[in-house]
Amino acid sequence: MIKITFPDKSVREFEKGISGLEIAKSISERLAQEVLSVGVNGEIYDLTRPINNDANVTLYKWDDAEGKHAFWHSSAHLMAETLEVIFPGVKLGIGPAIENGFYYDIELPEGKTISESNFAEIEQKMLDIAREKHQYIRSDISKTEALKFFTEKGDQYKIELITDLEDGTITLYKQNNFTDLCRGPHLPDTSPIKAVKLLNIAGAYWRGDEKRKQLTRVYGITFPKKKLLDEYLVLLEEAKKRDHRKIGKELELFTFSAKVGMGLPLWLPKGAMLRERLEQFLKKVQTKYGYLPVITPHIGQKELYVTSGHYEKYGKDSFQPITTPSENEEFLLKPMNCPHHCEIYNSKPHSYKDLPIRLAEFGTVYRYEQSGELHGLTRVRGFTQDDAHIFCRQDQLKEEFLKVIDIVLYIFNVLKFDKFTAQISLRDKENKAKYIGTDENWEKAENAIIEASAEKGLNTVVVHGEAAFYGPKLDFMVKDAIGRSWQLGTIQVDYNLPERFNLEYNGSDDQKHRPVMIHRAPFGSMERFVAVLIEHTAGKFPLWLTPEQAVVLPVSEKYNEYAKKVSDLLNNYDIRSLIDDRNEKVGKKIRDNELKRTPFLLIVGEKEVENNSISVRKQGEGDLGEMGIEEFSNYIKDLVKKELIEI
RNA sequence: UGACCUAUGGUGUAAUGGUAACACAUCUGGUUUUGGUCCAGUCGUUCUAGGUUCGAGUCCUGGUAGGUCAGCCA
């Protein structure tokens, strides 16, 4: 007998070799039907795999990530089998479960192509096979046997994977006529897979290596119930509606022009207004935190970036140097603001009493991103960072870091980005050549970030190998309303640039000391931030940000004059308003302006002229009734005040 | 950068290789409106350069731009 401990700490005894499925059955028949995989001492097992020792056991269902994982992993095998049936001779790469579904990397036989027109056939075939209830059978074989098997099958990618594996046993899973190299775990059989949707096709380099062959990646998702698939498809539709590229066009916020150049956004008046409000908002916060504004040019001598190290590291990713005609001097469009700021620091000597010095600039930078990676406003070639560099003493580092975290948290709070994670990116210790700077400084910087994050109680994820080449960083990733994750704010410690630019201050000991630098950008870039904000709010911006807070709708042209008076008065009160004096019925004006997501519609007709009032409609709430103009203005100001929680 | 996909008025869509259509928007006029699309007219288009064909929006090749994903992301 073995002792099985459940998550609630209760302990029960079972026969040695009992399976997760049998344990579930002993609890309830229903649980046995719903359970998908089982955690045994932290390792995920197939439900049918015997448990031979005392163990802590957790049963995972659809609602658990571990359960979904097994479900989708098994689905990937099912899809691979189907693809082998439909495209005989297809070669298989890897096929894991991912956050939403699964994919399989395949190489199609010579001359064959796969496209979305094949999806229906594949989906149907997958369902047919699933319905036949084939078991997923695990088997352990030796490396030699495994190599023999896949050599006979002609799957060169699997052979390569096996060759790289440790010697010893290799696990294979087989269902129906399909056998795959796989660590598992899997479902007991194919029958729970009741709904299948292939999502898209994309290229993917074999083993993520740009220099190697590109395989075709087929994405799909499956569900244990048809209803869940339908819900998921609705969610995808919602995502499309929130796409910032679509809303940006509809609301006339920004545009692109092939003539201007790809990846170079053009901010339209309404988008520019929105962006300026965001900038003013941050400037105000930064002033409170002691930041000093600076302004630097858009180009700098190539030598500047050679000094900073950026040229060596990112020279090929920059717009290539502009060469002056007679002197042959080389200038780069600036890809970073920090070297400029370092030179500002260097413009005069500093005492330890001056520090910290916080230099802030909304600095526009240009990076030659490769064409295929450009995406709406989230990846562009010219963008504006809400950049600042803090020059401080080592003993001030942690406190400064904490203050920056405060700013980021305040901003996220005001904008209701409540679902964010903080990612601490550290150096890959196995590959130190990728980074510049001494071991000692890296240690110091990494510890400062870890300690500051812990002190603020941030929910952090530590990732090794994701640091910038000059230092570790703390990135804030925000999930939008539909669950996609975006990196926005970033805070980075840098011991490298102070060295390279020979930054100094005079200490109390009358000796020269090296300051530490913190790079930080709470928004990240205005472009990406606005894109995420659009998707987060579906274009219904907070009142303080929205380009037009109110539109006055005269009932007929007789009241245009009064409408003008209302709008002027509101603008005097700093309420942003427009008039819709088109020759249309009020009903149409209301509809049109609601589609434009205007927060307040102010209807004026004979009654309102008489009472010197307006009839107010609020977005999402409808008619609020009649109000005086000043009353309305105070009402709005009050709402704005509530949105902008004081620091 | 690469694989794959896409490109039709300002916007969104339609058109077995055989007359490029519809809605919204624009503009003009009518209607004079208190609560969710008033009516009529008007305007304007097959991304670009070639090719196949009696005939190309449709097929082929190059270019450009957009998209999916990978890699990259200071």
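In the text below, chain A, chain B and the rest are named by the order of the sequence lines, each starting its count at 1. These numbers were taken from a predicted model, which means no experiment stands behind them.
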statement: Ranking B:U34, B:U37, B:G35 by distance to the side chain of A:R617, first place goes to B:G35

query: Looking at B:U1, B:U34, B:G36, which one has an atom nearest to any side-chain atom of A:R591?
result: B:G36

task: Would you give a per-nucleotide map of nucleotides 67-74 of chain B, 5' to 3', where B means the base has a protein non-hydrogen atom under 4.0 Å away, S means only the sugar-phosphate does, and - means neither?
output: SBBBBBBB

For [N], the Watson-Crick or wobble partner whose two distances fall under 3.5 Å:
N: B:G2; result: B:C69
N: B:A21; result: B:U13
N: B:A7; result: B:U64
N: B:U45; result: none
N: B:C59; result: B:G51

Could you tell me if the ring centre of [X] sits under 6.0 Å from that of [Y]?
X: A:F632; Y: A:F600; result: yes
X: A:F469; Y: A:Y314; result: yes
X: A:H77; Y: A:F102; result: no
X: A:Y470; Y: A:H519; result: yes

message: Let me spell it out: for each of A:K558 and A:A258, pick the nucleotide of RNA chain B with the closest heavy atom. Which residue's pick is nearer the 5' end?
response: A:K558

Charged N-O contact under 4.0 Å between [X] and [Y]:
X: A:D439; Y: A:R427; result: yes
X: A:K240; Y: A:E237; result: yes
X: A:R367; Y: A:E527; result: no

task: Test the A:R528-A:F523 pair against the cation-pi criterion, namely NZ or CZ under 6.0 angstrom from the six-membered ring centroid and within 45° of the ring axis.
output: no

query: How are the rings of A:H73 and A:H69 set relative to one another: parallel (under 30°), tilted (30 to 60°) or perpendicular (over 60°)?
result: perpendicular

Pairwise [atom1] distance for [N] and [M], with rounding to whole Å:
N: B:U53; M: B:G12; atom1: C1'; answer: 33 Å
N: B:C43; M: B:G51; atom1: P; answer: 33 Å
N: B:A7; M: B:A14; atom1: C1'; answer: 15 Å
N: B:U46; M: B:U8; atom1: P; answer: 11 Å
N: B:G35; M: B:G67; atom1: P; answer: 45 Å
N: B:G2; M: B:C54; atom1: P; answer: 37 Å
N: B:G18; M: B:C59; atom1: C1'; answer: 15 Å
N: B:U19; M: B:C5; atom1: C1'; answer: 31 Å

Quick one: [X] [atom1] to [N] [atom2], roughly how many Å, whole number?
X: A:L264; N: B:G66; atom1: CG; atom2: C1'; answer: 15 Å
X: A:D592; N: B:U26; atom1: CG; atom2: P; answer: 8 Å
X: A:L595; N: B:A25; atom1: CG; atom2: P; answer: 11 Å
X: A:L199; N: B:C5; atom1: CG; atom2: P; answer: 18 Å
X: A:D580; N: B:U33; atom1: CG; atom2: P; answer: 18 Å
X: A:F119; N: B:C5; atom1: CZ; atom2: C1'; answer: 11 Å
X: A:I106; N: B:C4; atom1: CD1; atom2: P; answer: 13 Å
X: A:E584; N: B:G29; atom1: CD; atom2: P; answer: 14 Å

Select base, sugar-phosphate, or nothing to describe what [X] touches, counting heavy atoms under 4.0 Å on all strands.
X: A:K589; answer: nothing
X: A:E250; answer: nothing
X: A:K585; answer: base
X: A:G587; answer: sugar-phosphate
X: A:T216; answer: nothing

- prompt: Within the modelled atom types, does a donor on one side and an acceptor on the other bring the side chain of A:E608 and the base of B:U34 under 3.5 Å apart?
  reply: yes

- line: Smallest heavy-atom separation, A:M126 atom then A:S75 atom, equals CE-O, 3.9 Å

query: Between A:K249 and B:G12, is there a side-chain N or O to OP1/OP2 distance below 4.0 Å?
result: yes

task: State whether A:S615 places a side-chain N or O below 4.0 Å from either non-bridging phosphate oxygen (OP1 or OP2) of B:U34.
output: no

